[in-house]
K.L.:
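Structure provided below as structure tokens; questions to follow.
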Amino acid sequence: MTIRVYNTLTRAKEPFEPVQPGKVGIYLCGPTVYKEAHIGHMVGPVIFDTIKRYLVYCGFDVRWVVNITDVDDKLIAQANLRGIPMQQVATEMTADYLHNLRALGVDQIDDMPKATEHIAEIIAFIEELIERDFAYPVDGDVFFDVSADADYGKLSNRSADSQQGEGGEAAARKRSPGDFALWKSAKPGEPSWDSPWGPGRPGWHIECSAMSRRLLGKTFDIHGGGLDLVFPHHENELAQSECCHGQPMVKYWMHNGLMQAAAAGKVGGRSERERDQAGQATGSGQPPESAGNVETKISRSKGAGGLAQLIQRQGGERIRFFLLRTHYRSTIVFSEEGIAEAGTGLETFHRFCERYERVTGQSFYDLPVIGRRADGQLEAGDSSLLREVQRQRDSFLSKMDDDFNTGAAISDLFDLVRTLNKACDQQQLEDAGQRSPRALAEFQRGTATLRELTALLGLFRQPPPKTLGGADQELAGQLVELLIELRATARKGKDFAMADRIRDGLAGLGITLEDRKEGTGWRRD
RNA sequence: GGCGCCGUAGCCAAGUGGCUAAGGCAGUGGAUUGCAAAUCCACCAUCGUGAGUUCGAAUCUCACCGGCGCCUCCA
């Protein structure tokens, strides 16, 4: 077993070997908590949650850090807009973020450091950079000197001198346009911390350099984030850390694809920049604002934010599955129909889980999870069922080994559940009088593998909410049972008109009946 | 203008040099069922276009068409 990961730095898949054998440090750039999260913010956390589960499963000791940026221009702007302190904005939006993570089953994060809680480390880091002549203070600001770093641009494959750099009034104080702020002097009324350069706040990139060093060390294994962060954010982090330490910051840079809002028809036209430039005289300096054509960026689309409501409508598991269906480096086009469709596929598994419980009396969701790869090896012997399960498990794992190809691995899960359903059919496992103990035992062993593999993806940890909502749900359930009883009587008397009327009536209320040999079951759609 | 990515069935989506191109959704036919539901079985693509490299390409090269991203805040 060799895990291979795609490294943005080398633009190639490489065998995964941690810096220290057996130990893995992962740093994922988290949100700037100034507004409610949108679904695009969940792509990284869900895939890295899955990656961590997988690495732990493969025997690594993993520490996963996700930072919270709780001081920044956008936060200040939002606080002013709402007339509340910046910290309150951060607290509210962090709570929203955490709530969303929980709903999507992201629970593997070990540390969530906040920028404002690491000001001392940040200042110390900047001082080291100044000492080493990689940074210079000017009138209360401190900038990183891009020209001092010969390697600058190696992550995003661009040259330092071609960069326009961030604008604003501070730009005039920079030596060259590509230099970026490590420390920003405070304007009156802005939140600030004391520093050797006067009151101010950290620049955007420095917190990640300082906090990753503190929690994971100068060189760590995996740094993740959205593709949009490659430049300038990660390029600048890398420059700061490597100039400061004189050693590599990160062994594997991993970037997830961005989510796109579904636009009318296929998403349109040439790139925004090309459109913009076509519309005006060439050779202009700063890139202009969006031309306002079809909006495909999640962060700018009308539906941005609103993740909490989306979760309420669709449920976290569907959204997680929707995200995992596509390879993490691909663009995902968001549509609520897409999520609903993913949910339809998920039904197959939940149906199977119910069936498993009917057969064994045990809840699938309560089955112990095989947490280690080595422990999940099957002893297939002469069992054709278990040989098939073994084949599917191997296939699943080989796809996960190949840069965490969850989309491909999921196909094996569908195959596996079909294999198990077939065994159930052929061995008549639902008929306690007919089935053989051996067939039952093999079926249970095979299902343990399904449990093992689905847990790696963080799926099927809970039964889907299938009860009737509201305070009277118990009563409603009893009423459904009563109707089923009446229908059974009708069927016994061959009064199918009445039986069908009951079933159709319940269907109209969103309740589906399933007649089986042992009796009639029901579920709510 | 610079640096990248993508174009696989009605839809979503794996595969990136070689057995019959995964899987899902939708659909069709069948088994099962009183009829359904669930489940199972079968069917459903030659891979944007053109040329080239090769014994062999969806997979490599070139051109063209179409779509997207970053270069400025962004997960």
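In what follows, chains carry the letters A, B, and so on, assigned in the order in which the sequence lines appear, proteins first and then strands, with residues in each chain numbered from 1. All values derive from a computational prediction rather than experimental measurement.
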K.L.:
Taking A:Arg201 as the fixed residue, which of A:Asp72, A:Leu75, A:Asp73 is the one that meets the side chain to side chain contact (heavy atoms under 4.5 Å, CB included) rule?
P.N.:
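Considering A:Asp72, A:Leu75, A:Asp73, a side chain to side chain contact (heavy atoms under 4.5 Å, CB included) with A:Arg201 is found only for A:Asp73.
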
K.L.:
Measure the distance from CD on A:Glu514 to C1' on B:U39 and round it to the nearest whole Å.
P.N.:
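Going from CD in A:Glu514 over to C1' in B:U39 covers 9 Å.
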
K.L.:
Measure CG/A:Asp228 against C1'/B:C70 and give the value in whole Å, please.
P.N.:
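In whole Å, B:C70 C1' and A:Asp228 CG are 8 Å from each other.
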
K.L.:
May I ask you to say what A:Arg358 touches in the nucleic acid, namely base, sugar-phosphate or nothing, with a heavy-atom cut-off under 4.0 Å?
P.N.:
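Touches nothing.
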
K.L.:
Counting C-beta onward and ignoring hydrogens, is there a side-chain heavy-atom pair between A:Val250 and A:Tyr27 closer than 4.5 Å?
P.N.:
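No, every pair of side-chain atoms sits at 4.5 Å or beyond.
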
K.L.:
In the strands shown, is B:A22 matched to any nucleotide by a Watson-Crick or G-U wobble pair with both distances under 3.5 Å, and which?
P.N.:
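Matched B:A22 with nothing under the 3.5 Å cut-off.
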
K.L.:
Would you say the base of B:G34 and the side-chain of A:Arg487 have a donor-acceptor pair closer than 3.5 Å?
P.N.:
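Donor-acceptor pair under 3.5 Å: yes.
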
K.L.:
Relative to the 5' end of RNA chain B, which residue comes earlier, A:Leu229 or A:Leu513, by the nucleotide with the nearest heavy atom?
P.N.:
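Whichever sits nearer the 5' end wins; that is A:Leu513.
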
K.L.:
Rounded to whole angstrom units, what separation is found between the CZ atom of A:Arg523 and the P atom of B:U39?
P.N.:
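Interatomic distance, CZ of A:Arg523 to P of B:U39: 8 Å.
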
K.L.:
Which one is paired to B:U53, where only Watson-Crick or G-U wobble pairs with both distances under 3.5 angstrom count?
P.N.:
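Checking every strand shown, B:U53 finds no partner, since no pair has both distances under 3.5 Å.
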
K.L.:
May I ask you to say what A:Gly44 touches in the nucleic acid, namely base, sugar-phosphate or nothing, with a heavy-atom cut-off under 4.0 Å?
P.N.:
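Contact class for A:Gly44: none.
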
K.L.:
Could you check which nucleotide pairs with B:A37 in any of the strands shown, counting Watson-Crick or G-U wobble with both distances under 3.5 Å?
P.N.:
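The base-pairing partner of B:A37, which may sit in any strand shown, does not exist here.
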
K.L.:
When the distance from NE2 of A:His234 to C1' of B:C70 is rounded to whole Å, what number comes out?
P.N.:
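Computing the A:His234:NE2 to B:C70:C1' distance gives 13 Å.
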
K.L.:
Would you mind telling me which of B:A75, B:A37, B:C40 lies closest to the side-chain atoms of A:Thr512?
P.N.:
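The listed nucleotide nearest to A:Thr512's side chain is B:A37.
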
K.L.:
In terms of ring plane angle, is the pair A:Phe322 and A:Phe334 parallel, tilted or perpendicular, where the classes change at 30° and 60°?
P.N.:
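Perpendicular: the ring planes of A:Phe322 and A:Phe334 meet at over 60°.
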
K.L.:
Could you check whether A:Arg329 pairs with A:Asp403 (Lys NZ or Arg NE/NH1/NH2 to Asp/Glu carboxylate O, under 4.0 Å)?
P.N.:
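Counted as a salt bridge, because a side-chain N and a carboxylate O are separated by less than 4.0 Å.
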
K.L.:
Determine the contact category for A:Ser395: base if any of its heavy atoms lies under 4.0 Å from a base atom, sugar-phosphate if only primed atoms, P, OP1 or OP2 are that close, otherwise nothing.
P.N.:
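Touches nothing.
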
K.L.:
Please round to the nearest 0.5 Å and tell me the distance separating atom CZ of A:Arg393 and atom CG of A:Leu416.
P.N.:
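The CG atom of A:Leu416 is 11.0 Å from CZ of A:Arg393, to the nearest 0.5 Å.
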
K.L.:
Summarise how protein sits on nucleotides 21-27 of chain B as a single string, 5' to 3': B when a protein heavy atom is under 4.0 Å from the base, S for sugar-phosphate-only contact, - for no contact.
P.N.:
-BSBSS-

K.L.:
Quick check for you: to the nearest 0.5 Å, what is the distance between A:Met112 atom CE and A:Ile68 atom CD1?
P.N.:
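A:Met112 CE to A:Ile68 CD1: 4.0 Å, rounded to 0.5 Å.
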
K.L.:
When all nucleic acid strands are considered with a 4.0 Å heavy-atom cut-off, which category describes A:Met259: base, sugar-phosphate, or nothing?
P.N.:
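Contact class for A:Met259: base.
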
K.L.:
Ring-plane angle category for A:Phe180 and A:His205, please: parallel below 30°, perpendicular beyond 60°, tilted otherwise.
P.N.:
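Taking A:His205 first and then A:Phe180, their aromatic rings stand perpendicular (interplane angle over 60°).
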
K.L.:
Can you find a heavy atom in the side chain of A:Thr419 that is under 4.5 Å from one in the side chain of A:Lys422?
P.N.:
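A side-chain contact under 4.5 Å is absent here.
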
K.L.:
Whole-Å distance between B:U39 P and A:Phe443 CZ?
P.N.:
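Atom CZ in A:Phe443 sits about 13 Å away from atom P in B:U39.
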
K.L.:
Just name whichever nucleotide pairs with B:A42, Watson-Crick or G-U, keeping both distances under 3.5 Å, else none.
P.N.:
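Matched B:A42 with B:U28 under the 3.5 Å cut-off.
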
K.L.:
Using the P atom as the point on both nucleotides, what is the distance between B:G50 and B:U39, in whole Å?
P.N.:
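Pairwise P distance, B:U39 against B:G50, rounds to 41 Å.
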
K.L.:
Contact list please: residues 64-79 of chain A against RNA chain B, heavy atoms, distance less than 4.0 Å, in numerical order.
P.N.:
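Result for residues 64-79 of chain A: A:Lys74, sorted by number.
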
K.L.:
Hey, are the side chains of A:Trp522 and A:Ile484 touching, using non-hydrogen atoms and a 4.5 Å cut-off?
P.N.:
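Contact flag for A:Trp522/A:Ile484 side chains = yes.
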
K.L.:
Counting only side-chain N and O atoms of A:Thr520, is one of them less than 4.0 Å from OP1 or OP2 of B:A37?
P.N.:
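Checking A:Thr520 against B:A37: no side-chain N or O falls below 4.0 Å of OP1 or OP2.
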
K.L.:
Using Watson-Crick or G-U wobble geometry with both distances below 3.5 Å, tell me the partner of B:C5, or none.
P.N.:
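B:C5 is paired with B:G67.
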
K.L.:
Does B:C47 have a Watson-Crick or wobble partner in any strand here, with both distances under 3.5 angstrom, and which is it?
P.N.:
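Check on B:C47: unpaired, no WC or wobble geometry under 3.5 Å.
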
K.L.:
Name the nucleic acid region contacted by A:His233, choosing base, sugar-phosphate or nothing; use a 4.0 angstrom heavy-atom cut-off, strictly under.
P.N.:
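Counting heavy atoms under 4.0 Å across all strands, no contact is made by A:His233.
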
K.L.:
Is there a side-chain contact between A:Val417 and A:Thr348 in this structure, where contact means two heavy atoms from C-beta onward sitting under 4.5 Å apart?
P.N.:
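Yes, their side chains come closer than 4.5 Å.
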
K.L.:
For A:Arg158 and B:G4, give me the distance from atom CZ to atom P, rounded to whole Å.
P.N.:
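A:Arg158 atom CZ is separated from B:G4 atom P by 10 Å.
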
K.L.:
Give the residues of residues 493-507 of chain A touching RNA chain B, defined as any heavy atom closer than 4.0 Å, sorted by residue number.
P.N.:
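Only A:Phe496, A:Asp500, A:Arg503 qualify.
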
K.L.:
Between B:U59 and B:A42, how many Å separate the two P atoms, rounded to a whole number?
P.N.:
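That atom pair is separated by 30 Å.
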
K.L.:
Classify the nucleic acid contact of A:Gly30 as base, sugar-phosphate or nothing, counting any heavy atom under 4.0 Å across all strands shown.
P.N.:
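Sugar-phosphate: the residue A:Gly30, judged by heavy atoms under 4.0 Å, touches backbone atoms but no base.
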
K.L.:
Tell me the partner of B:A58, counting only Watson-Crick (N1-N3 plus N6-O4 or O6-N4) or G-U wobble (N1-O2 and O6-N3) with both under 3.5 Å; none if nothing fits.
P.N.:
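Partner of B:A58: none.
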
K.L.:
Roughly how many Å is it from CH2 in A:Trp253 to C1' in B:A75, rounded to a whole number?
P.N.:
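Roughly 15 Å, once rounded to whole Å.
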
K.L.:
Indicate yes or no: does A:Glu514 engage A:Arg355 in a salt bridge with an N to O separation below 4.0 Å.
P.N.:
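Here A:Glu514 does not pair with A:Arg355 in a salt bridge, since their nearest N and O are not under 4.0 Å apart.
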
K.L.:
Identify which nucleotide among B:C40, B:A37, B:C70 has an atom closest to any side-chain atom of A:Asn421, counting heavy atoms from C-beta outward.
P.N.:
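Within the option list, the nearest is B:C40.
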
K.L.:
Does A:Asn256 have a side-chain nitrogen or oxygen under 4.0 Å from the phosphate oxygens OP1 or OP2 of B:A75?
P.N.:
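Answer no for this pair, as no side-chain N or O of A:Asn256 is under 4.0 Å from OP1 or OP2.
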
K.L.:
For A:Thr419 and for A:Ser330, locate the closest nucleotide of RNA chain B by heavy-atom distance; then report the residue assigned to the nucleotide nearer the 5' terminus.
P.N.:
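It is A:Ser330 whose nearest nucleotide is closer to the 5' end.
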
K.L.:
Report the nucleotide, chosen from B:C35, B:A75, B:A14, that has the shortest atom-to-atom distance to any side-chain atom of A:Asp515.
P.N.:
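Side chain of A:Asp515 sits closest to B:C35.
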
K.L.:
Mind checking the C1' distance from B:U32 to B:A36? Whole angstroms is fine.
P.N.:
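11 Å, rounded to whole Å.
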
K.L.:
Whether A:Asn405 contacts B:G15 is assessed here as follows: a side-chain N or O lying under 4.0 Å from the phosphate OP1 or OP2. Is that the case?
P.N.:
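For A:Asn405, the contact criterion (side-chain N or O under 4.0 Å from OP1 or OP2 of B:G15) is met.
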
K.L.:
Could you state the CG-P distance from A:Leu258 to B:C70, rounded to the nearest angstrom?
P.N.:
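Atom CG in A:Leu258 sits about 7 Å away from atom P in B:C70.
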
K.L.:
Centroid separation under 6.0 Å, is that true for the rings of A:Phe443 and A:Tyr356?
P.N.:
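Yes; A:Phe443 has its ring centre under 6.0 Å from that of A:Tyr356.
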
K.L.:
Just call it for A:Arg11: base, sugar-phosphate, or nothing, with non-hydrogen atoms closer than 4.0 Å on any strand.
P.N.:
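Contact class for A:Arg11: none.
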
K.L.:
So what's B:A75 paired with, Watson-Crick or G-U wobble, going by both distances under 3.5 Å?
P.N.:
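WC or wobble partner does not exist here.
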
K.L.:
Are the side chains of A:Arg503 and A:Arg487 in touch, meaning some heavy atoms are under 4.5 Å apart?
P.N.:
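Yes - at least one pair of side-chain heavy atoms lies under 4.5 Å apart.
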
K.L.:
Do any N or O atoms from the side chain of A:Asn67 and from the backbone of A:Pro113 form a donor-acceptor pair under 3.5 angstrom?
P.N.:
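No.
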
K.L.:
Do the rings of A:Tyr152 and A:Phe144 sit parallel, tilted or perpendicular, given the 30° and 60° boundaries?
P.N.:
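Judged by the thresholds at 30° and 60°, the geometry between A:Tyr152 and A:Phe144 is tilted.
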
K.L.:
With rounding to the closest Å, how many angstrom separate the C1' atoms on B:C65 and B:A51?
P.N.:
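Comparing C1' positions in B:C65 and B:A51 gives a spacing of 15 Å.
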
